[in-house]
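What follows is one structure encoded as structure tokens, with my remarks underneath.
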Amino acid sequence: MKDSPGTLPQKRPWQLLVIGDGGTLLTQQDIEALTRILDLLPHVAGLDITTSAGSARVSRDVLALQLHFVLSSESMGNHDSGYDEWRYVC
């Protein structure tokens, strides 16, 4: 999705976070549509979706961008965060 007059900018202070098996079948078009919905409805905390793969929760994750920067800036070595089911898509 390219920026054009009348659209929201692509730079966001958050990432799209999909938690659950239902997110495994999302296409890039689905991801863009879900991102757009959350852009247009800032009062909505998240969405529950159901696909043929199961259900998932879609939400904004502002902290992930900050945490990613911190983790990338430090030498963390091998560790198990326990969040393998989280999928950052934007």
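Only this structure's heavy atoms are used, side chains among them; waters, hydrogens and symmetry mates stay out.
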Partner set under side-chain contact (heavy atoms from CB on, under 4.5 Å) for Asp30, not counting sequence neighbours
Leu26, Thr27
Minimum heavy-atom separation for Gly46 and Leu38, please, with both atom names.
CA-CD2, 4.5 Å
Do Leu47 and Val44 make a side-chain contact, defined as non-hydrogen atoms from C-beta onward lying under 4.5 Å apart?
yes
If you round to the nearest 0.5 Å, how far is CD1 of Ile37 from CD1 of Ile49?
9.5 Å
Sort and list the pairs that fulfil salt bridge (Lys or Arg N to Asp or Glu O under 4.0 Å) and have at least one residue in residues 16-25, not counting sequence neighbours.
none
Under the side chain to side chain contact (heavy atoms under 4.5 Å, CB included) rule, what do Val58 and Leu17 come out as? Steps first, then yes or no, please.
CA-CA 6 Å; Val58 179; Leu17 172 64; over 6 Å; no
Would you mind listing every side-chain hydrogen bond (donor to acceptor under 3.5 Å, both in side chains) that reaches into residues 46-60, with sequence neighbours excluded?
Asp48-Arg57
Heavy-atom pair with the smallest gap, counting every atom of Gly23 and Val18:
CA-CG1, 3.5 Å
Separation of Asp39 CG from Glu32 CD (nearest 0.5 Å)
11.5 Å
Arg12 side chain near Thr35 side chain, heavy-atom distance below 4.5 Å:
yes
